Every structure is written in C-alpha cells, then in structure tokens.
**Student:** 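Sharing a structure below in structure tokens format, with a few things to ask.
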Amino acid sequence: MTRAALLVLADGRFPAGGHAHSGGAEAAVKAGRITGAADLEAFCRGRLHTAGLVAAALAAAAAAGADPAGLDVAADARTPSPALRTTSRRLGRQLMRAARATWPDGELDAVARRFPKGAHQPVVLGLAARAAGLGPTDAAYCAVYESVGGPATAVVRLLSLDPFEATAVLARLAPELDRVADRAVTSATAVRTEGVDVLPAASAPLLEIGAEVHAAWPVRLFAS
Amino acid sequence: MGGVHATARIGARGDGRGGTSLPVLESDGPLALRRTRGAASEARVMLVGAMSGPLGGDRFAVEADVGGGARLRVGSAAATIALPGQTKEGARYEVRLTVADRGELHWLPEPLISAKGSDLSVVTRVDLDAGARLVLREEQVLGRMREEPGRLGSRLVVRIAGRVVLDQELTCGPGAPGGWDGPAVLAGHRAVGQLLLARPEFAERPMEPRIFAEHACVMPLAGPAALVTAVAPDGLRLRRVLDEALAEWDIR
Amino acid sequence: MHLDHSPHGPAALSADARRPDGSRRALRVGLGGPVGSGKTATVAALCRALRDRLSLAVVTNDIYTREDAEFLLREAVLPPERITAVETGACPHTAIRDDISANLEAVEDLEDEVGPLDLILVESGGDNLTATFSKGLVDAQIFVIDVAGGDDIPRKGGPGVTTADLLVVNKTDLAPYVGSDLARMAADAKAQRAGLPVVFQSLRSESGVADVAGWVRARLAAWTA
C-alpha cells in the first residue's frame, strides 16, 4: 500500500461531488444555529460523533471486505431522512465514478453494476480505499475528516467566515477525529463475527430534520 | 452490584371472533401491568409503577408479543423518571416488541424523563412480520423543570420481515459524545421524540416526506414504515407536535 | 482507463463517446460566460431553433440553484423532463471544470430517461472570464460575452475568450447605446483566437440565433459522421 494514496482520496479536490454539499450547514446557517466559528465547531463536533462515526464505521467495514450490499442496507436503516439517503446515494455514485477512473478495480465495477443509481457514499468510500490499496483505518479517517471538512468549507462560503478560523476549528477537532476513527474501526472489525448490527447508529435529530427542510427549499446554494 | 431486575410480559392473541385475548399478562416487581377497558376488538394494557425508577443498577424489561389477528394498545400511567441510584452503575431498560402478520400494536407510553445525576440506557427492539401494523411513540425529556439532565442513551431498532429498516441511537447529557447539545443534534432543545408507523400498504404507497412543525417532519423509511422525528423546548410542546401527527393519521 | 462496454456494464466514466450499451451518446455542448451576457437566452433560442429536427436536453448550473432551469421551464422551450438543474455549492466553475461528476450524472440520466438524444446543452452558471468546461464533460464549448460588458473584453482575453470553440458576442443591438465599438471587438477577438470562429448576434434581430444554431448543426454533423 502507499500512504500517499490516502492523501489523493482525502483531498478536497478529489472530483467526487463533495463541493456542492454543505453537510447540513446551509440549513443550520439559515435557521440561525450557526453564526460564527464557535457554532461551527459545535456543529462539526455533533456531526462528527453522529453521522461521521456511522459513516466511518461503514467505510472501514467496506474497506475490510464486508459485503457491500449488507452495509448498504445498514446505511439505509441509519439514515431515516429520505433526503439524506438520496444525497448519500448520489454522492456514492459520483465517488464511484471518480474511484473507478482513478483506481481501476473489478470489485468497484461489480458494485457499480449492482447499484446503477449509487450505493451509499460511505460504503463506496470504503471500497475506493480498498481499490487504492488502503485499509479500514484509512477509510475511517477519510470519512471522519469529510464529516467536518464539508461543513467547514461550506460555512466559509455561506457566512464569509474567516477561512483561517474555519481551518483552526478543524485542527482543534483533530484529537476527536482520531478517537472517532478508532471507535469506527473497532466496530467495523467486529462486523466479521457479529454482523452489521454491531455498527454504531448514532443519530442527530436536527441533521435529519434540517435535511428535510433544506430539500424542500425552492432556492439554495448547496445540494444538501 | 445490586439494583432491581424485573421483566414484565404481555402476550396478545386473536380470539378468532374478532376480539383479542391476553393469555400472558405478567407483572414483575415494580413493573405492574393492568388490563383496562378497551374497544371491542382491541385489548388495552396500562403499565403502572416504575414511575420512580429505574435507578442506577436496575435492569428492567418489558416484552409484548402480538399474534396474528390480535390488536393491543399499551400505555403507561405516568412518565418514567430515571433517577440516580446508590451504585455508580447505570440503569438499563429494554423493550422488546414482536407483532405477527395481521397483528396490530399501539405502543404509546408516557415520556421518559432523565433526572440530574441519573444514567440510563433504553433499548427498544421491534420485530414485525411483513403484514404487521405498529404505532410506536418514544419521548425523552432531558431534566425535570429547569434541571440539568442525567446521561440518557436510547437505541431504537426496527426489523420488518427480518430486514432492519431503522437503527438509531441518541446519547445525551454528561459523558455523552461531544456536540449532543449543539447545532447539529439538539441545539438546546430539551425534548426529543419519535413516532414510528409501520403498515404493510406502505410497501406499495410510501408516505410522502413532510415538514409539519418548526422542528418536526415525517420521513418515509427504506421499508414499509415512516418515522416522525421532532425536537421541542419541553415535553409538553413535544407531545403537542406528536399528537398532531397522530391526529392526521387518525390515530388516538 | 478501464472501460466496460458490455450491455450491462457499469456507467461510462467521463468523456467516453459510447454509452454502456455501445450506442453513440449525444453531443455535449457547453455554454459559458459572464453573468448577464445572455447564456440562458441563447440556450432558449437554440432550443426553439433546433427542437423540431433534433432530440434535445439541457443541463443548467445555477449559482443560486434552479433559476436558469426555471426560466427555461417558464419559457417552455422544452418539456420539463428534458431540463435538469445541477446544484453547484456556490462554485459554478468547479462543477463544470474541476469536479464534473454531478454534471456527468445529469447528462447520463437525461440520456437514460428521455433518450435517445442528439444534443445536450450544458449551461454554466454566470461566472468570470476564466471559467471553461472540462473536456471530460463537453465535446465543444461556446463562450458568450456581450457588448454591454465592455468592448475591451476580447482584447483582455482569458481562457474563455481565447480557447472556446465558438465565441459569441451578444446583444449587438445595444452597441450604440453603451458606446461599444463592434469593429474593434471583432479585430481583438480575431487576434486573440488564432482562427477560431466568432459570431456577433442580437437575439432581437431577425436572424437571431441562426449563426450559432448553424455552428451547432455543423458540430453535430461532424460528431455523428
């Protein structure tokens, strides 16, 4: 494996569609729940320990070779918001395209064929990591970083927040990213013996509700 | 160690004449079950007691098993309040519900209130056959009036015809993972609740997603069920929102 | 690049000229240019000019989502199922150049759902003079500027003005009112573009979008040859 492949996959410029998504930040900004760097940090922390943890565990399990179809069902069950399920599948399809072009791989082709409208993004992320020669821990790190990096970038655009402040938020969260990635890998490792029910299912009510509210807006900057 | 261990059981069966009998109605320790007067075809059970528990170290479980053709409605006499116990150990409350084809369960207990210093994990596991019907309400209130909450973890797992259609957990209060009170999760709201509606006809015609209050929406799940999730400043306002949804579905 | 052209193969990756079933996909033409230069009006006029003879669809990339798509729907230039809006997260140039995945999804879904198609027009959100389309997304691109934006734009150049397959100088009817020198714009454009074509158009004139439509037809003839 090459460590540098992790940088390619985790790079915000990796062309997999993430730039058009705010991870719920646009809805939270509009509702007045994010007004500056402190709120952004609290938002990212909450997202990290809920959606971020779940995504990281799914990604790590996929990278470890668990059945993608079973993980996809587990992702559905952990995503009650239909708007978020649609977003996750759309991003999964976009990531699948980028990954297949970047790391040609028979396993990716097979999953692309099985899910023509997209498997859930964290599952594809894990498979992409696998195709890139990376392991479950790398996949989990990509997922936890994405879970906070997306909203931080979006809030810079939405509030004209000082980009240095937004980046400092991410740096302050780094030790928590480590812990969440660890926890995700631990549960992903248990999937082999205990099945997908062992995966974390942490939820964030306002992310779910906010996603539904956002999806109903006629006009918005971000796709989610 | 220590604490009370108790398991209460309800078994409901269709009596073959359009009514529902209760061959199993087992109270246990603080978990007391009472049959109350029901409608013609429906059996009603009230959970009384357990109001001042569970305390730290307690292990409570309630099981309800609804057979084909049976209709059961379960409520509780008052809110359940999680309180700190003598031990450092947390309390655990498990609810296990199974409904067979053509069976129907309305599980509508009063809220769970997490008092300061308490530590409770609630796990609700629901297993439905493909043709089963369910209405389930869960409400969690964080702290009594103007009180800091204890630690409260809740998990809800719903299986329909063997497939998990919902798996959700939420942990709040001291010692919960960071951000639980922040803008992504509860944003200072002190009450959070869910209504789950499972009906076989949703397989053909799923419910439409809809926002129906400031912080409440109906979400069709990836299976024949829909979930209402709501957050509110307090338990009263949460109940008002959830009642609105029940009324729209013509459920009392 | 790994390609799978079997009938049930996974979707194409980017600019592949064939669809997974082996058939030739639609020609994709991008329209870019600054805000207010008349991209959406040109797309609408092209749809009206070409829709009787060709099977058409449009993808829009709004800054604030759906505005351009709504305009096209209101004008009823195509049936609604032939118009798709892509959301760009406040960065329209990213969606057409750096990360084209959402646009590729949109063009492929259009071909799947309303195809077969001859032509898909991909309109960028109004952006700056440097925004160009990725070759992974479109086969040809049109850059639309207007005389009211300043007659020095062709002289200043930039990737859109110098490299687009067709440069359209729009709203020529306004030139006398805004003091733009069309002859100078033409000379500057010629100097910047090394022989690439330039069209001066006014959608209010009788000829309207005819020159641009003719250019698109010629590209399509070459594509299907």
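Residue numbers start from 1 in every chain, and the chains themselves are labelled A, B, ... in the order their sequence lines are given, proteins ahead of strands. Quantities reported herein were computed from a predicted structural model and do not represent experimental measurements.
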**Student:** Whether the side chain of B:E169 engages the backbone of A:A201 through a donor-acceptor N/O pair (distance < 3.5 Å, no angle test) should be reported.
**Tutor:** yes

**Student:** With a 4.5 angstrom heavy-atom cut-off, could you sort out which part of B:L227 is near chain A: side chain, backbone, both or neither?
**Tutor:**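 Only the side chain of B:L227 comes within 4.5 Å of chain A.
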
**Student:** So what's closer than 4.5 Å to chain A heavy atoms on B:A225: side chain, backbone, both or neither?
**Tutor:** neither

**Student:** Minimum heavy-atom separation for B:L170 to A:S203, with atom names?
**Tutor:** CD1-O, 3.4 Å

**Student:** B:R155, B:H215, B:Q168: which one forms the most heavy-atom pairs within less than 4.5 Å of chain A?
**Tutor:** B:Q168

**Student:** Taking atom CG of B:L221 and atom OG1 of A:T79, what is their separation to the nearest 0.5 Å?
**Tutor:** 10.0 Å

**Student:** For A:P200, is it the side chain, the backbone, both or neither that has a heavy atom under 4.5 Å from a heavy atom of chain B?
**Tutor:**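 For A:P200, heavy atoms of backbone and side chain both lie under 4.5 Å from chain B.
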
**Student:** Quick one: what part of B:A230 sits under 4.5 Å from any heavy atom of chain A, side chain, backbone, both or neither?
**Tutor:**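 Backbone only.
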
**Student:** Please classify the contact of A:T50 with chain B as side chain, backbone, both or neither, using a heavy-atom distance under 4.5 Å.
**Tutor:** side chain

**Student:** Does A:D76 form a side chain to side chain contact (heavy atoms under 4.5 Å, CB included) with B:R163? I'd like the steps, not just the answer.
**Tutor:** CA-CA 11 Å; A:D76 262 347; B:R163 179 187 167 110; 4.1 Å; yes

**Student:** Could you check if a side-chain atom of B:M219 sits within less than 4.5 angstrom of a side-chain atom of A:E208, using non-hydrogen atoms only?
**Tutor:**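 B:M219 reaches A:E208 side chain to side chain.
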
**Student:** Which region of B:R210, side chain (C-beta onward) or backbone (N, CA, C, O), has a non-hydrogen atom less than 4.5 Å from a non-hydrogen atom of chain A, or is it both or neither?
**Tutor:**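 Looking at B:R210, nothing touches chain A.
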
**Student:** With a 4.5 angstrom heavy-atom cut-off, which part of A:L199 approaches chain B: side chain, backbone, both or neither?
**Tutor:**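 For A:L199, the backbone is the part near chain B, not the side chain.
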
**Student:** Quick one: are B:L166 and A:P80 in side-chain contact, heavy atoms under 4.5 Å?
**Tutor:**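 Side-chain contact under 4.5 Å: yes.
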
**Student:** Answer with side chain, backbone, both or neither: which region of B:I211 has an atom nearer than 4.5 Å to a non-hydrogen atom of chain A?
**Tutor:**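 For B:I211, the side chain is the part near chain A, not the backbone.
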
**Student:** Just by modelled atom types, is the B:P183 backbone N or O under 3.5 Å from a matching donor or acceptor in the A:R33 side chain?
**Tutor:** yes

**Student:** Would you say that B:V231 contacts A:L206 through its side chain, given a criterion of any heavy-atom pair below 4.5 Å between the two side chains?
**Tutor:**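 Answer yes - side chains close enough.
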
**Student:** Under 4.0 Å between a side-chain nitrogen and a carboxylate oxygen: does that hold for B:R159 and A:D197?
**Tutor:** yes

**Student:** Below 4.5 Å from any heavy atom of chain B, which atoms of A:R85 appear? Answer side chain, backbone, both or neither.
**Tutor:** side chain

**Student:** May I ask you to name which of B:A222, B:G153, B:G182, B:A216 has the most heavy-atom pairs under 4.5 Å with chain A?
**Tutor:**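 Highest number of heavy-atom pairs under 4.5 Å: B:A222.
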
**Student:** With a 4.5 Å cut-off on heavy-atom pairs, point out which of B:A176, B:G188, B:P177, B:P220 contacts chain A the most.
**Tutor:** B:P220

